[in-house]
Amino acid sequence: MARKKFIAGNWKLNCLQAEAADLVNGLAQLVQSVQDVDIAVCPPFLSIATVRERVKGTPIKLGAQNAFSVSKDGKSVMSGAYTGEVSPAMLKDAGVEWVILGHSERRQYFGETDAKVNAKIRACYEVGLKPIVCVGELLEERDLGITNSVVEIQVRGCLAGLPAEKVAESVIAYEPVWAIGTGRTATPAQAQEVHAHIRSILVVLYGQSVADQVRIQYGGSMKPDNAKELLAQKDIDGGLIGGASLKAKDFADIILAAR
Ligand code: 13P
């Protein structure tokens, strides 16, 4: 089954308002006519309104980098006494469509666990937001030969108990931690192997038809010069781009490489 490629930019903790406006304006010009690749940018929360205005009438969709929710009395919390947090309902209200969840930087610096990610995904589903769920192994784990089991635990933990029809519309991003921001990209064969493994887990959990629909992005030093080869792999359905998404031309070149 043909899955539409999906390239998303994770701006991380970058861009003041004017820079965000320039970046998205520049990108919009370069990708204005692209229809055969899905495109999203995920600015910091404070730039979401700025970017939202500028993606109107363009093929660029709006994403966020995190959302907060916990499950309380069987319900997803969308408001209340949680100082400093932003809920999926608030993001939906702000025009967001996609939310990155479980990024390794959140796991590393902010104590994000698979169980927490699971509650956040559930809350996103409730308000109609689509998650980009990040998984990936540390370098030590790859060296120990346990990449597949690490990723399997993450996928199963993040998706535990979630409904098949929602999972089918979700995205999983395989981001080997050792490849993020290091310039050391996974080889296309290394990435494809893990992507195929993730899809095989989805087959077990949800059946072939759902597994065939889920798009699995690769993330970790994807650049214009390595994107084409990575995106040519059977189970690589797009990219989650950090550094290269901060330059309109580089990000656009990756999008064009996905065509
Ligand atoms: P880089 O593209 O900078 O390696 O970052 C990847 C990433 O973490 C995207 O979420």
Side-chain angles (χ1 to χ4, degrees), residues 5-15 19-20 23-24 27 37-45 47-48 51 60-67 96-110 112 117 120-121 124 129-139 141-142 147 150-151 154-155 158 170-188 190-191 194-195 198 215-231 233 236-258:
K5 294 272 197 288
F6 181 16
I7 306 292
N10 175 6
W11 292 3
K12 305 191 180 182
L13 184 61
N14 293 290
C15 294
E19 294 164 327
L23 179 53
V24 71
L27 180 65
V37 179
D38 283 338
I39 304 167
V41 293
C42 306
F45 289 141
S47 305
I48 281 175
V51 172
I60 305 167
K61 305 284 192 227
L62 187 55
Q65 299 171 20
N66 185 28
V96 167
E97 208 170 306
W98 290 95
V99 185
I100 299 170
L101 292 173
H103 192 281
S104 65
E105 288 148 18
R106 295 217 53 89
R107 293 174 187 264
Q108 185 180 352
Y109 304 127
F110 303 101
E112 198 107 314
V117 174
K120 292 176 172 197
I121 300 173
C124 285
L129 288 180
K130 289 174 281 186
I132 298 175
V133 183
C134 302
V135 299
E137 82 286 3
L138 304 169
L139 185 57
E141 293 165 336
R142 175 158 286 267
T147 295
V150 167
V151 167
Q154 292 172 332
V155 170
C158 289
S170 304
V171 167
I172 294 178
Y174 169 58
E175 300 205 306
V177 178
W178 47 270
I180 295 177
T182 58
R184 188 181 158 193
T185 318
T187 66
Q190 279 174 325
V194 181
H195 282 233
I198 292 171
R215 289 179 291 183
I216 307 175
Q217 295 174 327
Y218 168 81
S221 299
M222 192 186 269
K223 310 279 178 203
D225 61 0
N226 60 29
K228 208 171 185 73
E229 217 188 334
L230 284 160
L231 293 165
Q233 303 300 309
I236 301 186
D237 308 311
L240 185 55
I241 320 298
S245 74
L246 297 172
K247 291 192 182 130
K249 173 78 167 67
D250 284 358
F251 191 56
D253 282 346
I254 293 173
I255 291 162
L256 298 180

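When a ligand or atom number is given, it counts from 1 through the structure's own listing order. The basis for the numbers below is simple: all heavy atoms, side chains too, and nothing from hydrogens, waters or symmetry mates.
In this view, Lys249 and Asp253 satisfy the salt bridge (Lys or Arg N to Asp or Glu O under 4.0 Å) rule, not counting sequence neighbours.
Gly242 N, 2.9 Å is the protein heavy atom nearest to atom 2 (O) of ligand 1.
Residue-to-ligand polar distances place Gly243 within reach of ligand 1: an N/O pair is separated by less than 3.5 Å. The shortest N/O to N/O separation between Asn10 and ligand 1 falls below 3.5 Å. Backbone and side-chain nitrogen or oxygen atoms of Thr182 are examined, and none is located within less than 3.5 angstrom of a nitrogen or oxygen of ligand 1.
Counting heavy-atom neighbours within 6.0 Å of Glu229 CD, excluding the residue itself, gives a total of 12 or less.
For ligand 1, the atoms closer than 4.0 angstrom to any heavy atom of Ala179 are 4 (O). Listed by number with element, the atoms of ligand 1 under 4.0 Å from a non-hydrogen atom of Lys12 are 5 (O), 6 (C), 7 (C), 8 (O). Shown in contact with Gly220 at under 4.0 Å from a heavy atom are these atoms of ligand 1, numbered in order with element: 4 (O), 6 (C). Counting the atoms of ligand 1 from 1 in the order shown, those under 4.0 Å from a heavy atom of Gly181 are 1 (P), 3 (O), 4 (O).
Among Arg184, Gln217, Glu105, Glu175, the residue whose heavy atom sits closest to atom 7 (C) of ligand 1 is Glu175.
Between the CD atom in Gln217 and the NE2 atom in His195 there is a gap of 9.0 Å [rounded to 0.5 Å].
Looking at His103 and Glu175, their side chains do bring a donor and an acceptor atom within 3.5 Å of each other.
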For Asn226 and Tyr218: C-alpha separation, side-chain torsions, deciding distance, then whether side-chain contact (heavy atoms from CB on, under 4.5 Å) applies. CA-CA 12 Å; Asn226 60 29; Tyr218 168 81; over 6 Å; no
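Proximity of Ser245 to ligand 1, defined as any heavy-atom pair under 4.0 Å, is not found for any part of the residue.
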